[in-house]
Amino acid sequence: MSFTYNIGIKLAGFGLKCIAPFNEKIKKGVEGRRETFSILEKNISKKDKTLWFHCASLGEYEQGLPVFKVLREHYKNHKIVLSFFSPSGYEIRKNSPIADVVVYLPLDSKHNAKHFINLVHPELTVFVKYDIWPNLLNELRKKQLRAILISAAFRPNQSYFKFYGKHLRNALFAFEHVFTQNEVSKELLESINYNNVTVSGDTRFDRVSSQLEINNTLDFIEDFKRDKLCVVAGSTWPEGETLLINYINNHASKDIKFIIAPHNIKPNQIKNLQDKLEVESVLFSEKEQHNLKTAKVFIVNTIGILTKIYSYADIAYVGGGLGTTGLHNTLEPAVFGVPIIIGNIYDKFPEAQALIDNNGMFSISNQTEFDTILTELIEDDTKRQFTGNNNASFIKKHKGAVDKIVKYLGF
């Protein structure tokens, strides 16, 4: 398996270089990885004390951030290296104040792994959720460097638990401790004789809870919403936008306001969305030139403000659960105590099932189901408030993962 894996990494590297000229996201990753070692050589010396945080992408960064902040405060004399595998994480957080150096993670060849660990030489490494890279982790293990995995979530069908997964399975033993989101993940690890496990819960509950402690005011959203009931659709994809557009054009009362924050904000896709709406709409980028009070739909063609916008929601729809992209963060609107609608593809997101079981979230698979539940939540004040309160209570109940991790680390 080790030989096959290493050949696969080389082939993957070659394939990515071939595809890069035709895919902007892949191109950024390929070009960014070329700079990783030079950035580290320039910013990290052998005398520096360091920590290494690794996140696959933006979602894992947000998940790990509450722990990163505590470590940043405790290890004031250490340099922190933050790595991402995906451009969607790196490009948005390459200037993160939590780190001294932010880089793309190099492809997991044996040579790259050895070079990377030699340059970073971390006193402590923190991986978030997954993105397990055997060569990098085995290099940490050889050098007896500390590493932990936080907010881990495992499923029985993953390679770690199959007869052919020995190479990946062995990589997990580079972690001195794994903090899992749930008991199922703990039991799966114990089934392969990995026993240094704590069910800490998901650090995202701590992360989203901190949003309640800051000022979420957005003057332009207040100007748009006024005293109207507001539906916020966050991280939407075309399949979900089709449902929203049809509802807005055919069923929505004039007293309801809609905010749509697409995941993809490329101009042509934003224009396509706006053109299909038969009601007055306004773009974030053009808000100064329009009367927000009379607009029915506000389209957020920017990034970084969705979490605050959720604080204005009376009902939320979260995208990604109707296609192949993966459900986006449902905890962000849940913390504000609003009912949530999602698609029917969420099997890899245990928090979604938990919110549904807790009567705070609803899953739909077609236009009829979407129209029915959204209309019920709009017209039934009691149901809307009851389900929203269930979500707020659920978030509050599941806080505390950060405390368990920090206690293990000894401070």
Side-chain angles (χ1 to χ4, degrees), residues 1-41 52-61 63-64 81-94 101-120 122 125-143 147 149 152-155 157-175 263-264 320 323-326 348:
M1 177 63 182
S2 177
F3 175 78
T4 304
Y5 176 83
N6 289 315
I7 292 296
I9 288 293
K10 290 182 179 180
L11 291 174
F14 177 75
L16 289 172
K17 289 177 182 178
C18 292
I19 299 170
F22 311 101
N23 185 297
E24 188 62 29
K25 183 177 179 180
I26 291 175
K27 182 181 180 181
K28 287 180 178 179
V30 169
E31 292 178 348
R33 272 178 257 282
R34 287 179 186 152
E35 304 297 321
T36 294
F37 293 131
S38 62
I39 292 172
L40 292 173
E41 289 167 354
W52 172 29
F53 304 155
H54 175 64
C55 310
S57 192
L58 182 61
E60 290 71 40
Y61 170 84
Q63 197 165 25
V81 176
L82 171 64
S83 64
F84 290 98
F85 188 80
S86 170
S88 57
Y90 176 85
E91 296 299 328
I92 295 174
R93 292 291 179 253
K94 58 187 174 184
V101 185
V102 184
V103 295
Y104 277 100
L105 191 74
L107 291 180
D108 191 38
S109 69
K110 285 187 174 181
H111 174 269
N112 284 347
K114 186 174 183 178
H115 193 27
F116 184 89
I117 299 303
N118 281 340
L119 288 172
V120 178
T125 294
V126 181
F127 272 42
V128 182
K129 192 175 181 179
Y130 55 73
D131 220 31
I132 308 301
W133 297 104
N135 287 325
L136 280 157
L137 288 169
N138 288 334
E139 197 63 32
L140 287 174
R141 195 177 182 186
K142 286 179 187 176
K143 294 183 178 296
L149 175 62
F154 294 101
R155 301 183 305 277
N157 62 350
Q158 290 177 301
S159 299
Y160 312 106
F161 313 109
K162 302 295 184 181
F163 71 91
Y164 52 80
K166 183 178 179 181
H167 189 56
L168 283 173
R169 187 159 56 243
N170 288 343
L172 291 174
F173 286 81
F175 295 113
H263 179 78
N264 190 329
T324 60
T325 53
K348 295 181 180 179

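- Here CZ of Phe173 is found 12.0 Å from CG of Asn138. Values are rounded to the nearest 0.5 Å.
- A perpendicular orientation is assigned to the rings of Phe161 and Phe154, their planes being inclined by more than 60° (bins at 30° and 60°).
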Assess the residue pair Tyr5 and Asp108 against the criterion (side-chain hydrogen bond (donor to acceptor under 3.5 Å, both in side chains)); give the C-alpha distance rounded to whole Å, side-chain angles, the decisive distance to 0.1 Å, and a yes or no.
CA-CA 10 Å; Tyr5 176 83; Asp108 191 38; 2.6 Å; yes

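- For Ser86 (side chain) and Ala56 (main-chain N/O), no donor-acceptor pair under 3.5 Å exists by modelled atom type.
- Here the closest heavy-atom approach between residue Cys55 and residue Val128 is recorded as SG-CG2, 4.1 Å.
- Closest heavy-atom contact between Trp52 and Ser83: NE1-OG, 2.8 Å.
- Within the cation-pi definition used here (under 6.0 Å to the ring centroid, within 45° of the axis), Arg33 qualifies as a partner of Phe85.
- In this model, a donor atom of one side chain and an acceptor atom of the other lie less than 3.5 Å apart for Trp133 and Asp131.
- No donor-acceptor pair under 3.5 Å is formed between the side chain of Glu139 and the backbone N or O of Leu136.
- By the 4.5 Å heavy-atom criterion applied to side chains, His115 and Thr36 are not counted as neighbours.
- Closest heavy-atom contact between Lys25 and Ser88: NZ-OG, 4.0 Å.
- Distance check: Leu105 CG to His54 NE2 gives 5.0 Å after rounding to the nearest 0.5 Å.
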Test side chain to side chain contact (heavy atoms under 4.5 Å, CB included) on Asn112 and Ile9 and set out the steps.
CA-CA 11 Å; Asn112 284 347; Ile9 288 293; over 6 Å; no

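- Atom OG of Ser38 sits about 10.0 Å away from atom CG of Leu119, to the nearest 0.5 Å.
- Between the side chains of Glu60 and Tyr130, at least one donor N or O lies within less than 3.5 Å of an accepting N or O.
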Just do the side chain to side chain contact (heavy atoms under 4.5 Å, CB included) check on Tyr104 and Lys28 with the steps written out, would you?
CA-CA 10 Å; Tyr104 277 100; Lys28 287 180 178 179; 4.0 Å; yes

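- Annotation: side chain of Leu149 is in contact with side chain of Ile132 (closest heavy-atom distance under 4.5 Å).
- Checked by atom type, the side-chain pair Asn6/Asn135 shows a donor-acceptor distance below 3.5 Å.
- One distance of note links OG of Ser159 with NZ of Lys162; it measures 8.5 Å at 0.5 Å rounding.
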Does Ile117 form a side chain to side chain contact (heavy atoms under 4.5 Å, CB included) with Lys143? I'd like the steps, not just the answer.
CA-CA 9 Å; Ile117 299 303; Lys143 294 183 178 296; 3.8 Å; yes

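- Side-chain N or O atoms of Arg141 include none that pairs as donor or acceptor with a backbone N or O of Ala171 at under 3.5 Å.
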Working for side chain to side chain contact (heavy atoms under 4.5 Å, CB included), residues Glu91 and Leu58
CA-CA 9 Å; Glu91 296 299 328; Leu58 182 61; over 6 Å; no

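- With Phe127 as the partner, the ring pair (Phe, Tyr, Trp, His ring centres under 6.0 Å) test is satisfied by one option alone out of Tyr61, Phe175, Phe53: Phe175.
- The nearest pair of heavy atoms linking Ala20 to Val30 is CB-CG2, 4.1 Å.
- Pairs of residues two or more places apart, or lying in two chains, never qualify as ring-ring contact (aromatic ring centres under 6.0 Å, His included) while including a residue from residues 9-30.
- Atoms OG and NZ, from Ser2 and Lys166 in turn, are 10.5 Å apart once rounded to the nearest 0.5 Å.
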